[in-house]
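These notes concern the structure reproduced below.
Position 1 is the first residue of the sequence; numbering continues from there.
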Amino acid sequence: MSDEDMNGDEKRRVEALKSLAEWGKWTVSIQALSVVVLAVGKDHLFSSGMIRSSFLIAAICFIFLSISAAILLVGGIPTAIQNKYKDGKEDKYERIHDYPAHSGIPFLTFRVLAFVEHFFFWLALLALMLSLVVGSK
């Protein structure tokens, strides 16, 4: 279906998905950069105590979980756009965030994946901040 065939509401939904994809890519980039920083400074960072090391390991795990959710979220967008216009079926979802990100897993909506991505992103930031506070004592 071309852009000319879509009405205003459908165009807004596709734009919302594109914005969601862009945001997911940016957060993954920030998290990947933090993993690189942790990897480069690992000798200094992990040699300064058990508690600090525990917070850093937790941060790495949270970053991994957030990146995994972002991959599922961004990877599901093309499928959602294709399925929306497949066979001319009536759209049963009010909001684009209620679409299943992957057709085989109905409860895994874009809303759930975005929440999981952000939740673990903030937990990773918290763990990194706590490691800095603990390490400065």
Side-chain atoms of residues 118-126: list all donor-acceptor pairs with protein atoms under 3.5 Å, sequence neighbours left out, distances to 0.1 Å.
{"from": "His118", "atom 1": "ND1", "to": "Ala114", "atom 2": "O", "distance (Å)": "2.6"}
{"from": "His118", "atom 1": "NE2", "to": "Trp23", "atom 2": "NE1", "distance (Å)": "2.5"}

Point to revise | Close side-chain approach of Leu128 and Phe55, heavy atoms under 4.5 Å | key: no
Under 3.5 Å, which donor-acceptor pairs link side chains of residues 62-72 to any protein atom two or more places apart or in another chain?
{"from": "Ser66", "atom 1": "OG", "to": "Gln31", "atom 2": "OE1", "distance (Å)": "3.3"}
{"from": "Ser66", "atom 1": "OG", "to": "Gln31", "atom 2": "NE2", "distance (Å)": "2.8"}
{"from": "Ser66", "atom 1": "OG", "to": "Glu117", "atom 2": "O", "distance (Å)": "2.8"}
{"from": "Ser68", "atom 1": "OG", "to": "Phe64", "atom 2": "O", "distance (Å)": "2.9"}

Exercise for review: Kindly compute the distance separating CG (Leu108) from CG (Leu113), expressed to the nearest 0.5 Å.
Suggested key: 4.0 Å
